[in-house]
Amino acid sequence: EPGLLADTWKVEAAVGEIHVLVVDANQRNRGLGSVLMALADRELESRGIRDQVVGLIAGNSDAGRLYGRLGFRPAWLYMIRPVGRTEASLAR
């Protein structure tokens with residue numbers, strides 16, 4: 001959703017940031033990601049934290065759909081420059 005946020009984002013005193021959320025490939029599509037996010041929500045809520053950010057690899061559309069269902073919206077884009085390495089070598 002381009003234009004969802006301006007070039008700055010006013011946040012509260014604290015922001016919850018999910019750095020890594022991984023569900024084993026053999027266990028996906030069972031609702032585990034939603035359960036893990038609900039646990040994170042409860043923990044953050046208990047600390048009075050409402051604003052959250054989460055990152056995902058650009059090609060991970062399954063994670064994007066999960067976060068979208070949970071109310072997350074695109075806000076910024078990180079780009080990488082893996083000098084001397086190919087996309088294939090990064091995918092390992």
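Positions are given from 1 along the sequence.
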- [ ] If you link ILVMFWY side chains whenever their heavy atoms are less than 4.5 Å apart, which other residues fall into the same cluster as Met79? By chain and number, please.
- [x] Leu77
Please list every donor-acceptor pair under 3.5 Å in which a side-chain atom of residues 56-67 meets a protein atom from a residue at least two apart or in another chain.
unit_1, atom_1, unit_2, atom_2, d
Asn60, OD1, Ala63, N, 3.1
Asp62, OD1, Arg65, NH2, 2.2

Task: Any Val23 side-chain heavy atom under 4.5 Å of Leu36 side chain - done: yes
Open item on the list: Do Phe72 and Tyr78 land in one hydrophobic cluster if side-chain heavy atoms of ILVMFWY residues count as linked below 4.5 Å?
Closed with: no
Task: Nearest atoms (heavy-atom pairs only) where Ile49 meets Gly16 - done: CG2-N, 3.4 Å
- [ ] Return each pair, listed once, that meets ring-ring contact (aromatic ring centres under 6.0 Å, His included) where at least one residue sits in residues 20-57; pairs must be two or more places apart or across chains.
- [x] none
- [ ] Return the set of residues passing salt bridge (Lys or Arg N to Asp or Glu O under 4.0 Å) with Arg85 (not counting sequence neighbours), or none when no residue passes.
- [x] none
- [ ] Please collect all salt bridge (Lys or Arg N to Asp or Glu O under 4.0 Å) contacts where either partner lies in residues 16-42, sequence neighbours excluded, each pair once.
- [x] none
Open item on the list: Same cluster or not: Leu44 versus Leu70, using hydrophobic residues (I, L, V, M, F, W, Y) connected whenever any side-chain heavy atoms lie under 4.5 Å apart?
Closed with: no
- [ ] State which residues pass salt bridge (Lys or Arg N to Asp or Glu O under 4.0 Å) with Glu45; sequence neighbours excluded, sorted by chain then number.
- [x] none
- [ ] Using side chain to side chain contact (heavy atoms under 4.5 Å, CB included) as the criterion, list what pairs up with Ile80, not counting sequence neighbours.
- [x] Pro82, Leu90
- [ ] First locate atom CG of Leu39, then atom CG of Leu21, and finally report the distance between them rounded to the nearest 0.5 Å.
- [x] 10.5 Å
Open item on the list: According to side chain to side chain donor-acceptor pair (under 3.5 Å), who are the partners of Arg69, at least two apart in sequence or on a separate chain?
Closed with: none
